[in-house]
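By convention in this document, chain letters (A, B, ...) are assigned in the order of the sequence lines, proteins followed by strands, and residues within each chain are numbered from 1. Just so you know, these numbers come straight off a predicted model, no measurement behind them.
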Amino acid sequence: MPPTESKSYDPASIEKDVFALWQERKAFEAGPKDGRDRKVPFCMVIPPPNVTGALHLGHALNNTLQDILIRQKRMAGFNTFWLVGTDHAGIATQATVEKTIRKDEGKSRHDLGRKELVKRIWEWKVKFGGRIVEQLRLMGCSCDYSRERFTLDDGCAKAVRETFFKLFRDGLIYRGKRLVNWDTQLQTAVADDEVYHEAVKGHFYHFKYPIVGERGPLARTNSDERAGGTPALPAEPTHVHIATTRPETMLADTAVAVHPDPAAVMEKRAAELREKLKEASDKDRPDVQVAIDDLVERQKTLLPVLVKLRDMAKANQKIMLPLMNREIPLICDEWADPTLGTGCVKITPAHDANDYEVGRRHDLPMINVMTPDGRVSDEGGAYKGMKFTDARKKVVEDMEALGLVEKIEDRMIDLGHSDRSKSPIEPYLSDQWFVRMGDLEPEHAAKIDGLRHKAPGLAQMAIDAVARGDVKFHPARYENTYGDWLGEKRDWCISRQLWWGHRIPVWRTMLTLSEKTWSSVMHTGGKFYRILSGEFGDENSICIHMRRAHDDLVVRDPARDMREYTPEYQGWYSVNLAFKDLPSPELQQVLDDSGFEQDPDVLDTWFSSALWPHSTLGWPGASAPSSGLKSQDSGLLSQFYPTQVLSTAREIITLWVARMVLTGLYNMGDVPFTDVVIHAVIQDGQGRKMSKTAGNGVDPVDIIEEYGADALRFTLADLATETQDIRLPVKPKKLPDGRSINISEKFEKGRNFCNKLWQASTGFVMRNLDGYSPKPLDPGSLRLEDRWILSRMTACQQSLDAALEKYRFSDAAGAVYHFMWDEYCSWYIEMTKSRLNQPEAPARESKTTPPQPSRYQGEGAGDRATAQQVLVYVLDRLLRMLHPFIPFVTEGIWQELNKIAPQRGLTILFDAAKDEPALITAQWSSIETRLRSTEIESEMDRLHGLIKGVRDIRADVNDYRGKAKQPSVRTLAKVVVRADVDTTHLIDRYRAFVTPLAGCDVLEVGPSVAKPAGAMSRVHATMQVYVPVADYVDLGAVKVAEQAKLDELRTVFERETARMSNEDFVKRADPGVVAQAKQRAADLSSRILMIEQHLAELS
RNA sequence: GGGCGUUUAGCUCAGUUGGCUAGAGCGCCUGCUCGACAUGCAGGAAGUCACAGGUUCGAGUCCUGUAACGCCCACCA
């Protein structure tokens, strides 16, 4: 693009070419061959997006931040590697493909079968799975696309098997009956965090269960008690009253519980409430009072009954479960809260998490009345086969028929729903695999190599790593989220009832051991024996786990521990075989013949993502020795593990970050990364989550089309503060093609910024380079403005580096934004214009002052060349600083600049510019502190003060003229500046750019120049600026303006003097602060004096 | 219920160990098509820093409490 025509920057015109250039140069690949010595590694792994997904704004933000980091490090000479890939995302992907198949072919997954479905999903993945990575390219993300990974690829599969095997062998994986959130539609267990709660309309059913025995209604023929009014039966309860929102689960009740000390609980609660009443606000008081009244009533009427029931429970009283006609015990358990409901609670261990715990405490049977598809199971008696929703109606009807329904209340119920299918969750007892997170017996823990730093368990090991500072969070507050969650040490359910994913590498069967079966199973010739004997591998590749059904006797090494038959081995065993490697065909045959079947479940997607940092770098290696489980060096692994930075959203700190730390330590003996950057969540303008369904989301690809990739990136970086949420006002926009998209005006900031840079570079700098030839310069040959911009440039570089160091992206973007716009464009470029426009003419010598020995030379021939040289040099440095944020436009400009001005050093200050054909791998600037000069900056501030003062007066003048409907004044005829000698020299020397920038024809300056009549003034500490304005406005207006100025200053002055007259302030404040205040007060006072004088003269 | 966070200009947000007259971008107002840029230039108005106390010479900043909002976790027979 030749710098001839003047038009706005068009991102689309260069983004594609620039990206191709980067790829051609293989700039993204780890260890780029660019001749630079890149020894120090810098590695990040991308949080793998779901392979089904499309880029959303959260991804855009996160990947912008990562790309900023990696680009900066690449320029700084690190051997950078940004690993990219996608996640197979079990449920999401399977659901997506199942849905298409159902729509297109009307078939379910069961119609297709497991093998076929998995094949179809792979086909789908190959065809559509590349979308999100393509979108990363659109954004300009400099990932190493040549090493793209997938959590279900062979390398990851190998890592998964190895990890599973190790955990299994170490006794950290177990299979147990546990309550899970069951999604009856997808027929899979759903993790707690995949469940959302939603209030739905429901009912609260009060049932009566008859008490068995002499006192109960089953003995007496009649029961006429009603709970309303006075209780007739403190002594003789005949029924237990329970309340439930899920009546159908009563089919699985195995007890009813009452609290062991109801009186105490009620009293304690009452005391709490009375305490609360004392401190309650007026608003809350009535509610608290109601609660107290309720409780008092309960103590009167309900407590005697509960005490009685408690005693009966202690006497092993039985209850008859209606409908099922099953005797169940009345038990004492603290779970039954006497202040809630009826004070008694039905216990359904197989269908409720709390009841499950109660069941375990009291050794109750666990009866599961639900089938995987949400129907009543064989255990449900007459209700067998009914859908749960239908069973509910029928149960209530039947209870009513028996007269056992006390009442039915309407109630809102907060019900768990599956994130995926949106169907209600059923707590369900099912067989699942778990990773043990809690602390182990010390002897057990000591035997596990993977538990580093003498950790007692997996969770604690990961907690300690952060506590030690091996992993740091930014912002630091997220360490709490991490630590709190891990601190619960809840076991991790890793099995999913899906077909898409890493299948659990365990083969299972049941064996009967008896004298009769012994030899055929365990002995020579027995098929199982071939496995036991080590024919297919030793304990480092096969782990055998036997558990006897009736007493949970565990045999870990049957080959060693069960050599000969003894009667004590008799029993039913469940046998689990875990293999580190996929079974060979021969072994597979043996497994088939011996009745082993592979577990049908797949692993939680997070299991493979947890390994992402090391599995993608090559762990466990092509031929990991099966013995030591030491990682085989794959090159990448030793070079890049541990990685440096992980950037992600806070919602997966627990699900993902914590588990990566855990498996990293367990498998590698070291944390997977040293720094975790947690970015904010982008919400819409009302603070709502962006979502497809709500239609309030912004598609980054739309933004790229509308504003350009750089605009997207810059704006996001600019927004990336340390807050937890970012609001982004969203606006719909209709496109010419009729499509409607969401945009946000926020992105205009980024677009405008890129355009500004483009205009300054191609429209100004490059167009003013004729005759450009860099030559050695020393600081003394530079003019004030040259030294000033170099000083400011250095300041910018300092702020930028410091901000990036601390992952403060918004500060980093802001620093470069203001340097480029306010200092380089608004001041420096403007200041060079007079030099560039008058190539041969030396700067005029002052007429009012004799020539001084100048501190700033170069005001003559060659000045133009110097201006060009500095202009180009600063642009060069600016492009380097901006490149991580807005890579496309900066690279585009760099390429043009290379053609026009390939050499761009300040030769004496720096080595001759190296040949840097691409900005992406150009060198990051080091900070040259000797270029920084606060003295220069403050001198320039004085000149800026003068220029702003004159502009200010002109704006005032035009304001008054506008009101009088007179044309505005562009250039003032004359400006008079009275200043001290030093300032006079300064201004005089630089009048060449002061006059045009201020906008005046004549500039008079001197320590004692005559003050013009009828002038507006601006006063500073070292100068007074007077602009005669009688020709433009009437003096009344001037007086008004001056008076306003005066009033403003007086207010501030009063505040300042009040402070100064405060003895305590003078005595106690930091001396520097006091001195500052003194100076300020003196300043103000002299300015006030000058304005007062000026006003007096005007009158 | 537990934890974390937010509350500063009309909007979106900065404001680091307490100390310049509390800032930026957008929007608004005034004026500018003068040779990079109207996606621009010059200037301006606009704030009881949520509220109430406290500590301090001094509080947007620290402490206590209150209110509203948001997020995460747990739980709700």
Practice item. Heavy atoms under 4.0 Å is the rule here; annotate nucleotides 6-14 of chain B 5' to 3' with B where the base is hit, S where only the sugar-phosphate is, and - elsewhere. Key: ------BSS
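- Spacing of P atoms, U6(B) relative to C62(B), comes out at 10 Å, to the nearest Å.
- Side chain of Y817(A), nearest nucleotide from G25(B), C73(B), U21(B): G25(B).
- Nearest to the side-chain atoms of K689(A) among the listed nucleotides C72(B), A36(B), U21(B) stands C72(B).
- Residue-level contact check: E479(A) touches neither bases nor backbone, having no heavy atom under 4.0 Å from any strand.
- Straight-line distance between the P atoms of C29(B) and A46(B): roughly 16 Å, to the nearest whole Å.
- With sequence neighbours excluded, no residue forms a side-chain hydrogen bond (donor to acceptor under 3.5 Å, both in side chains) with H944(A).
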Table of protein N/O atoms under 3.5 Å from nucleotides 58-63 of chain B N/O atoms:
none

Check your understanding: Given the rule that a pair is Watson-Crick or G-U wobble with both distances under 3.5 Å, how would you write RNA chain B in dot-bracket, using | for pairs to a different strand?
Key -> (((((((..((((.....[...)))).(((((.......))))).....(((((..]....))))))))))))....
Review item, nucleotides 39-46 of chain B N/O atoms under 3.5 Å of protein N/O:
unit_1	atom_1	unit_2	atom_2	d
U39(B)	O4'	R751(A)	NH2	3.3
U39(B)	O4'	N752(A)	OD1	3.0
U39(B)	O2'	N755(A)	ND2	2.6
G40(B)	OP1	N752(A)	ND2	3.1
G40(B)	O3'	K756(A)	NZ	3.2
C41(B)	OP1	K756(A)	NZ	2.8
C41(B)	OP1	W821(A)	NE1	2.7
G43(B)	O3'	D952(A)	OD1	3.4

Every protein N/O within reach of nucleotides 29-32 of chain B N/O, cut-off under 3.5 Å:
unit_1	atom_1	unit_2	atom_2	d
C32(B)	O3'	R970(A)	NH2	3.4

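- Among the heavy atoms of the strands lying under 4.0 Å from R1087(A) is at least one base atom, whether or not backbone atoms are also near.
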